[in-house]
Amino acid sequence: MGLSELLGTYGDKYLQGLLATWSMTVVSFVFVMALAVVVTVARVSPYRPLRVAGDLYVQVFRNIPGVALLIIIAYALPELRIVLDWRTCVIVTTILLGSAFGSENFMSGINTIGVGQIEAARSLGLTFTQIIRKIVVPQALRTTVLPMTNLLIAVMLTTALGSQVPLNPQELTGVVSYVNTRATGGILVFLVSALCYVGTGFVISFVGNRIDRRVRILR
Amino acid sequence: MSSTRTLSMRDALYEAPGPRTRRRVRIGTAISAVVVLLAIAAVVRQFWVTGQLAPRYWSFFLQWTTWRFLGQGLLGTVAVALTAGAIALVLGLLLMLGRTSGVRPLAALCRVVTDFFRGVPSLLLIYFFFFVPAQLGLKLPAFWMLTLPVALAASGVLAEVFRAGVNAVPRGQVEAALSIGLNRGKTMRKIVLPQAVRYVIPSLIAQLVVVVKDTTVAYVVSYPDLMQNARVLITSYDALVSLYLVIAVIYILINYAINKASVYVANKTGVRIVR
Amino acid sequence: MSQEHAGEKNVPVIELRHVDKHYGDLHVLRDVSLSVARGEVVVIIGPSGSGKSTLCRTINRLETIDSGEILIEGEPLPQEGRELARMRSELGMVFQQFNLFAHMSVLDNVTLGPREVLGQQKEEAERYALELLGRVGVAEQAHKVPAQLSGGQQQRAAIARSLAMRPKAMLFDEPTSALDPEMINEVLDVMVELARGGMTMIVVTHEMGFARRVADRVVFMADGQIVEEGVPDAFFDHPKSQRARDFLDSIKGH
């Protein structure tokens with residue numbers, strides 16, 4: 001099967017797959033960032049139970065395989081009377097995994113600031129809130145642009161977990177297995193989806209690098 | 001000299017509390033402890049009301065055969081992870097060497113290959129090895145249908161890890177080597193690589209986590225790893241929730257241990273982690 | 001105590017009474033009492049690990065103390081909250097590592113305190129900031145970020161940042177120890193100017209020339225204690241204690 005035949009027959013599927021991957025990526029990433037902020041706040045709070053819970057959250061979702069988490073959410077939660085539709089299952093899985101890594105990024109962003117600057121701010125008479133607002137958050141955000149760009153790409157790749165549940169429409173990886181069970185397209189079937197992933201990733205990191213170059217903090 | 005300098009940054013955000021702050025922290029700690037406990041209680045309650053705490057879902061974990069079967073699966077996981085890791089190590093090193101070789105076409109090719117394997121989901125690679133060799137009439141054993149894609153996915157990342165290591169070797173080292181008359185290849189082999197590898201050993205170990213995670217889709221190719229064997233047990237004991245949770249905990253502990261090992265090695269060798 | 005240096009007011013600007021501090025088993029400050037009058041320049045010297053840096057940092061509570069009292073213009077140093085922040089805003093602090101805010105221009109570094117803490121308008125804060133930056137000789141660098149400046153320039157900008165708060169006193173914690181030799185004097189010159197202008201200063205330093213030239217009083221510390229203090233000439237030419245003699249001998253080699 002040639003490229004034109006493949007795209008002629010399954011072009012719509014691929015396009016829908018690309019859009020499904022994109023939309024799940026965007027929705028997931030928004031929540032990944034929000035949840036990463038919440039988890040990070042808990043981890044740097046002065047309250048030990050919150051710190052422990054935050055650290056535990058990160059260790060669990062950093063180390064659990066995506067497939068295992070998806071299966072638990074998609075198949076074990078219903079037995080606990082928590083039923084989510086398939087797409088939500090994939091997105092929730094991606095959010096839980098991504099937010100753990102997002103929080104790690106924020107933590108290392110905070111760690112690059114250095115005690116000295118905090119002490120200097122204190123000496124000027126800035127209050128805790130002012131220090132967080134004027135010194136910690138701006139620096140943490142600006143140093144995490146590149147790691148978060150990479151996380152966005154990782155989130156996109158994680159949405160390929162969608163191929164493990166019956167999604168409609170399917171995302172890019174699901175489309176490949178769908179086409180393969182109907183036709184023998186060989187390498188080409190994979191290449192179309194692969195190029196969609198690689199191309200999207202390329203655009204994301206191009207934009208990320210541009211932003212990083214504008215906001216990077218010289219040290 | 002000062003104690004604050006040995007504290008982690010998240011502690012450094014707070015200064016030594018005065019009496020008022022100490023009281024406020026104590027109250028906050030109490031409230032947050034209650035919140036966390038309530039959350040745990042809610043989870044346990046949900047298990048209770050849905051009957052998931054019934055002994056029949058948990059009693060078979062007391063049987064030796066359960067653990068032997070899961071252990072066999074774990075061996076399968078380890079075999080795939082280590083083989084894939086070893087292949088990825090070699091391939092990643094070759095890709096990096098090619099990319100930094102200075103030979104234009106080779107460098108470009110290695111760059112494209114590296115970016116490709118890093119840029120696609122490992123699931124896509126696994127489907128590739130599941131479908132394509134069969135279509136070409138090639139009968140690949142399940143072990144390799146799983147190991148090869150996992151290895152390829154990791155090799156792209158490892159190539160970048162190695163490259164970061166090479167870049168971390170001080171420029172003066174290369175200049176010194178060239179100045180005593182070593183050629184490019186020898187400089188790379190004798191001076192740069194040994195140092196670069198030392199820098200990245202912690203990252204290489206940490207990368208094993210990704211490999212272990214990728215092996216969990218073994219069921220796609222029906223390879224008996226930990227996850228696949230758990231699925232077999234689920235059908236025989238009809239105990240989905242308990243088994244998946246236990247399996248998840250096992251994976252988490254394995255990967256946690258790998259991460260800890262990575263940090264331990266980094267601290268022990270005094271190497272800053274290069275990613 | 002050298003109360004004779006106190007000006008018309010006899011309440012010391014900074015006073016420590018019987019201050020003790022431990023780090024675990026280490027007794028870093030032992031019954032330290034020190035009083036600094038308005039306009040007085042006190043230079044603290046001593047071997048490393050003698051507690052002189054810690055002493056300096058306790059004065060605006062970057063380090064806490066176990067017992068004793070610290071008074072600023074007769075008021076006890078608050079332990080927390082807005083009261084502490086206000087008290088700190090009245091004491092300038094200059095660090096060994098400069099500690100400029102890495103993500104801000106030099107100008108923004110200097111105006112941050114006045115705008116956030118003193119509630120000054122942007123124009124007002126910038127006008128005074130530029131004047132100060134001019135005075136310390138880095139006005140041309142005002143719109144650069146710290147990493148683009150030399151160490152000496154960064155430290156002078158850091159001094160301007162503290163001065164922008166119009167502090168009652170300035171604390172210098174080894175301000176030249178992290179500098180390349182050729183930059184030390186440009187920073188010391190700024191400090192000499194400040195001292196001549198009547199600023200109350202506590203300076204922890206290894207620069208004996210500076211101490212001799214500028215100090216009203218030299219305080220020698222060892223093992224967390226004030227071993228000896230006196231006017232510079234008397235101290236440097238005729239140290240009374242064996243510890244001080246040993247210390248001065250050990251650094252004479254340079």
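In what follows, every chain begins at residue 1, and chains take the letters A, B, ... in the order their sequences are listed.
- Contact of A:A194 with chain B is made through backbone and side chain together, with heavy-atom distances under 4.5 Å.
- Side chain of A:R81 to backbone of B:T50: no donor-acceptor contact under 3.5 angstrom is found.
- With 3.5 Å as the limit, one finds a donor-acceptor pair spanning the side chains of B:Q135 and A:N180.
- For A:F128, the part lying under 4.5 angstrom from a heavy atom of chain B is the side chain only.
- Proximity to chain A involves both the backbone and the side chain of B:V25, based on heavy atoms less than 4.5 angstrom apart.
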task = Give the C-alpha distance, both sets of side-chain angles, the deciding distance and a yes or no for side-chain contact (heavy atoms from CB on, under 4.5 Å) between A:V189 and B:F131.
result = CA-CA 10 Å; A:V189 180; B:F131 287 116; over 6 Å; no
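- Between B:F128 and A:F190, the ring planes are perpendicular. Angles over 60° get that label, and only those under 30° would be called parallel.
- Interatomic distance, A:I71 CD1 to B:R231 CZ, rounded to the nearest 0.5 Å: 5.0 Å.
- Surrounding CZ of B:R111 are at most 12 heavy atoms belonging to other residues, nucleotides or ligands under 6.0 Å away.
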task = List the steps, then state whether side-chain contact (heavy atoms from CB on, under 4.5 Å) holds for B:Q52 with A:L80.
result = CA-CA 8 Å; B:Q52 287 297 333; A:L80 297 166; 3.5 Å; yes
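- For chain B, the nearby part of A:I118 is the side chain; its heavy atoms alone come within less than 4.5 Å.
- A:V52 does not touch chain B: none of its heavy atoms, backbone or side chain, sits under 4.5 Å away.
- With chain A as the partner, the residue from B:A39, B:P121, B:A248 showing the most heavy-atom pairs under 4.5 Å is B:P121.
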B:Y251 and A:N63: CA distance, side-chain angles, deciding distance, side-chain contact (heavy atoms from CB on, under 4.5 Å) verdict = CA-CA 7 Å; B:Y251 275 115; A:N63 288 317; over 6 Å; no
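- The contact between A:L50 and chain B is made by backbone and side chain atoms together, counting heavy-atom distances below 4.5 Å.
- The shortest distance between side-chain heavy atoms of B:D115 and A:V198 does not fall below 4.5 Å.
- Within a 6.0 Å sphere centred on CH2 of B:W48, other residues, nucleotides and ligands contribute 12 heavy atoms or fewer.
- For A:I135, no part sits under 4.5 Å from any heavy atom of chain B, backbone or side chain.
- Minimum interatomic distance between B:R10 and A:V44 (heavy atoms only, all atoms of both residues): CB-CG1, 3.9 Å.
- Ranked by heavy-atom pairs under 4.5 Å with chain A, the list B:L124, B:T216, B:V120, B:T21 is led by B:L124.
- At distances below 3.5 Å, not a single donor-acceptor pair connects side-chain atoms of B:Y127 with backbone N or O atoms of A:G174.
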